There are 2 protein chains.
Amino acid sequence: MQNKSNTMTIGGLAKAADVHIETIRYYQRRGLLKEPDRPLGGIRRYGSTDIDRLMFVKTAKELGFSLNEISDLLRLEDGANCLEASALAEHKLEHVRKKIVRLKRIEKVLHEMVGRCHAQQGNVFCPLIESLHEGITKA
Amino acid sequence: MQNKSNTMTIGGLAKAADVHIETIRYYQRRGLLKEPDRPLGGIRRYGSTDIDRLMFVKTAKELGFSLNEISDLLRLEDGANCLEASALAEHKLEHVRKKIVRLKRIEKVLHEMVGRCHAQQGNVFCPLIESLHEGITKA
DNA sequence: GTTACATCCGTAGCTGGATACGGAGTCAAT
DNA sequence: ATTGACTCCGTATCCAGCTACGGATGTAAC
């Protein structure tokens with residue numbers, strides 16, 4: 001069931017993904033990462049798929065997903081029921097698209113700000129908030 | 001200095017932006033929102049620019065920015081020094097662009113998942129994690 | 001001018017997410 | 001077979017970001 005090249009210990013995994021060891025244990029407790037069974041009271045070994053999964057959690061978190069939402073996303077990845085997964089995926093997809101739209105709006109304004117500041121001196125009115133506000137009311 | 005049509009009380013502002021009153025007070029304490037001076041020990045009034053600003057905080061938070069980062073963004077908006085602002089804006093811009101790239105990757109995979117689930121029955125391998133992994137290592 | 005309700009403000013408490021701690025067990029190298 | 005570094009696991013603590021509480025004050029309606 002598992003890649004035979006599970007060679008790392010938890011410390012190596014932590015280093016590979018650049019997270020704290022205790023964070024890995026915490027994610028395991030939350031069910032975000034599954035802990036490989038340990039050979040006769042021995043020490044657990046991890047492989048590259050574990051790095052991927054861990055990195056995914058890390059990244060998604062930075063994108064503003066809660067651990068519960070990430071858990072949802074991971075359940076999709078894990079197969080589960082295809083119909084259920086599809087519904088969930090559509091829901092998350094919408095969620096993600098909204099985020100992209102709003103980020104793009106911020107991007108645009110930041111870009112303009114940089115441009116204007118480079119172009120001229122003195123204080124310029126930088127409508128960061130208004131721009132986002134449009135986004136909110138229209139979306 | 002302020003729009004004369006500051007007509008709302010804090011409760012109205014809270015309702016308008018759909019946040020908890022205490023959250024507004026908290027943001028004021030953190031310096032994210034400025035509290036209008038209150039007329040001779042009276043009650044503060046808020047206007048539409050306050051709603052905008054508050055909505056901005058709310059939205060940015062959902063996009064994964066910390067309150068400190070949001071504070072940075074708001075200082076940009078507030079004018080400050082143009083050169084300093086420009087540097088900060090460029091930095092944030094890069095940050096935002098990375099987020100967009102990663103979200104788009106998630107979007108793509110979710111989209112594919114939905115499509116595949118609609119197209120066929122049974123469990124399909126849905127490479128959500130791998131796709132994001134590429135993104136991380138290449139970005 | 002009293003009732004009903006909101007604001008104000010300081011402080012305490014809560015939740016999610018992560019870290020720290022410490023004693024017992026494991027393992028590899030010498 | 002002992003040392004040194006690491007793992008395991010349960011529990012405790014920490015931090016950000018709120019949310020609740022409560023008593024004093026303000027205010028609009030009757």
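Order of the sequence lines sets the chain letters (A, B, ...), proteins ahead of strands, with each chain counted from 1. Since the structure is predicted, the reported quantities are computational estimates derived from the model, not experimental observations.
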What's the [atom1]-[atom2] distance between [X] and [N], to the nearest Å?
X: A/Q28; N: C/dA18; atom1: CD; atom2: P; result: 14 Å
X: B/E35; N: C/dC8; atom1: CD; atom2: C1'; result: 10 Å
X: A/R30; N: C/dT15; atom1: CZ; atom2: P; result: 14 Å
X: B/Y26; N: C/dC9; atom1: OH; atom2: P; result: 18 Å
X: A/D18; N: C/dT19; atom1: CG; atom2: P; result: 11 Å
X: A/L33; N: D/dC8; atom1: CG; atom2: C1'; result: 16 Å
X: A/E22; N: C/dG22; atom1: CD; atom2: C1'; result: 11 Å
X: B/M8; N: C/dT7; atom1: CE; atom2: P; result: 12 Å

Any side-chain N or O of [X] less than 4.0 Å from the OP1 or OP2 oxygen of [N]?
X: A/T9; N: D/dT7; value: yes
X: A/H20; N: C/dA20; value: yes
X: B/R44; N: C/dT7; value: no
X: B/Y27; N: D/dG17; value: no
X: B/R38; N: C/dT7; value: no
X: A/K61; N: C/dG16; value: no
X: B/T23; N: D/dG17; value: no

Practice prompt. Please assess A/R44 against A/N6 for the test side chain to side chain donor-acceptor pair (under 3.5 Å), listing each intermediate value before the final yes or no.
Written response: CA-CA 9 Å; A/R44 280 181 257 273; A/N6 278 1; over 6 Å; no

Fill in: Side-chain touch B/K92/A/I106, heavy atoms, less than 4.5 angstrom
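They are not in contact (no side-chain heavy atoms under 4.5 Å apart), so the answer is no.
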
Worksheet item: Should B/H20 and B/Y26 be marked as a ring pair (Phe, Tyr, Trp, His ring centres under 6.0 Å) after you check the CA-CA gap, both sets of side-chain angles, and the distance that decides it?
Response: CA-CA 10 Å; B/H20 201 285; B/Y26 175 68; over 10 Å; no

Discussion item. Please compare B/R29 and B/I10 by the position of their nearest nucleotide in DNA chain C and report the one closer to 5'.
Written reply: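 Here B/I10 is the residue nearer the 5' end.
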
Practice prompt. Considering non-hydrogen atoms only, spot the tightest contact between A/R102 and B/L63 and give its length.
Written response: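 For A/R102 versus B/L63, the nearest heavy atoms are CB-CD1, 3.8 Å.
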
Worksheet item: Looking across every strand, which nucleic acid part, if any, lies under 4.0 Å from A/R25 by heavy atom: base, sugar-phosphate, or nothing?
Response: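 Base, at least one base heavy atom under 4.0 Å.
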
Worksheet entry | Worked verdict on A/V19 versus A/I24 for side-chain contact (heavy atoms from CB on, under 4.5 Å) | CA-CA 8 Å; A/V19 302; A/I24 296 174; 3.7 Å; yes

